[in-house]
Amino acid sequence: MASKNFTIIGIDSSCDDTAIAVLEIRNGKPSILSNIISSQVKLHAKYGGVYPMLAKREHIKNLPLVYKKAVKGIDVSEIDAIGITVGPGLEPCLWQGINFAKELSGKLKKSLIPVNHIEAHILANLINRSRTAIEFPAICLVVSGGHTQLILMKGIGKYKLIGETRDDAAGECFDKTARILGLGYPGGPVIAEMAKKLKIKNYKLKISLPRPMIGQKNYDFSFSGLKTAVLYKAKEGNYDKIEMCREIQQAIIDVLIHKTIKAARDFKVKSIILGGGVAANDELRKQFKLKIKNYKLKIEFLVPPEILCTDNGAMVALTAYLHRSKTAKNLEADSNLRI
Ligand code: KG4
Ligand code: ZN
């Protein structure tokens, strides 16, 4: 029997992107009607990182504009609910999205559903896929500018955090090392582009960087030592920037893959799920697939299309849809919200 269509708006302003999407769920299958992202990259590039109060001001300006674009051609009376990221993220930024969503909910007379940004990065994998496509248990690796977490997932809404970074996140390491090398912000995509310039196969790099915590039995990460090692090498001078970028990227990839596969084996999972901005990294995606194949692991590997790895409203809309009974009125920002 066909179930009712559901149309939902998703809003995210947790960091430096103002993102609003409209998602339609027809017979349980989600499809994106619009997915608008206004990036503040140029603004923050000058500083090599995100300044929360500057980002907040941009959100105030961008939210109504992004909303207008997102609902263009859509009959807003058909909207069933609004999903909004309440955390984790930068508190002043989260509040702007929440205030906007509250006002919109009053105007459209539709309920609000609070969304955890980390869960949204995981569930981004379900957009354009049927829900039953994920085989549980799964190990989720959420790698973004603010987080590096390994999460054991037994179903939608059933999560256990098993490891995380003790200092910098993987994306933060890309961003900070790119800044050291004078490459701009965000660091992930620029370092990835530079690394691609080294075309010789099996080339022996002259630079070698540490793989922090790779040999430890836990599922935690640490990336600040890697950043410091890059800082020292950069100060010493006399290095090739392309080689340095290749080695930074490979050091991060080695640690992420090693720890994730260890967790997948230890917990005998059926799927490995990636999410977050760093999951957009080509080499990371390629090397994950290769490792799973070479180790002959019977594990399904899921990663969203690149546009759904970095912050977006569609992942928020889908997460809210999957928790649509959990409506709330008095939403508050929680910058340290845990999964
Ligand atoms: O998920 P996201 O958009 O925002 C947060 O929730 O933090 O992730 C942003 C992070 C940044 O640190 C950025 O450098 C990194 O994701 N990133 C990448 C790539 N694209 C974005 N890192 C490595 N390779 C990429 N292609
Ligand atoms: Zn994110």
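Sequential numbering from 1 along the given sequence is applied to the chain's residues. When a ligand or atom number is given, it counts from 1 through the structure's own listing order.
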Ligand 1 contact by E306, heavy-atom criterion under 4.0 angstrom
no
Applying the side chain to side chain contact (heavy atoms under 4.5 Å, CB included) test to T148, which of T165, D220, V255 qualifies?
T165
Qualifying residue, where the test is side chain to side chain contact (heavy atoms under 4.5 Å, CB included) with F288 and the options are N281, T260, V303:
T260
Run the ring-ring contact (aromatic ring centres under 6.0 Å, His included) test against Y239 and tell me which residues pass, sequence neighbours left out.
none
Return the closest protein heavy atom for atom 2 (P) of ligand 1 as residue, atom name and distance.
D311 OD1, 3.3 Å
N218 versus R166: any side-chain heavy-atom pair under 4.5 Å?
yes
So F100 and Y67, would you call those rings parallel, tilted or perpendicular, with 30° and 60° as cut-offs?
perpendicular
Any nitrogen or oxygen of N281, side chain or backbone, less than 3.5 Å from one on ligand 1?
yes
If the cut-off is 4.0 Å to any non-hydrogen atom of G146, which atoms of ligand 1 fall inside it?
7 (O)
Between D167 and S222, is there a side-chain donor-acceptor contact under 3.5 Å, judged purely by atom types and distance?
yes
Salt bridge present between K197 and E243 (N-O < 4.0 angstrom)
no
Compute whether any side-chain donor of one residue and acceptor of the other, for Y159 and N116, lie under 3.5 angstrom apart.
no
Please state whether Q249 comes within less than 4.0 angstrom of ligand 1, counting heavy atoms only.
no
Ion pair check, D80 and R324, cut-off under 4.0 Å
no
Apply salt bridge (Lys or Arg N to Asp or Glu O under 4.0 Å) to K233 and list each qualifying residue two or more places apart in sequence or on a separate chain.
none
May I ask you to list the atoms of ligand 1 that are less than 4.0 angstrom from any heavy atom of G171?
12 (O)
Which protein heavy atom lies closest to atom 14 (O) of ligand 1, and at what distance to 0.1 Å?
D175 OD1, 2.7 Å
Protein-side N, O or S atoms sitting under 2.8 Å from the Zn ion (ligand 2) are H117 NE2, H121 NE2, D311 OD1
Ring-face cation of R265 near Y295 (centre distance under 6.0 Å, axis angle within 45°)
yes
Protein heavy atom at shortest distance from atom 21 (C) of ligand 1
G277 O, 3.4 Å
Does G187 have a non-hydrogen atom less than 4.0 Å from ligand 1?
yes
Heavy-atom nearest neighbour in the protein, as seen from atom 23 (C) of ligand 1, with distance rounded to 0.1 Å
G188 CA, 3.4 Å
Atoms of ligand 1 close to S144 [distance to a heavy atom under 4.0 angstrom, numbered from 1]:
1 (O), 5 (C), 6 (O), 7 (O), 8 (O)
With sequence neighbours left out, what residues match D311 under side-chain contact (heavy atoms from CB on, under 4.5 Å)?
D12, S14, C15, D17, H117, H121, M315
If we number the atoms of ligand 1 from 1 as shown, the ones under 4.0 Å from a heavy atom of H121 are 1 (O), 6 (O)
Among all the protein's non-hydrogen atoms, which is closest to atom 10 (C) of ligand 1, and how far away is it?
G145 N, 3.5 Å
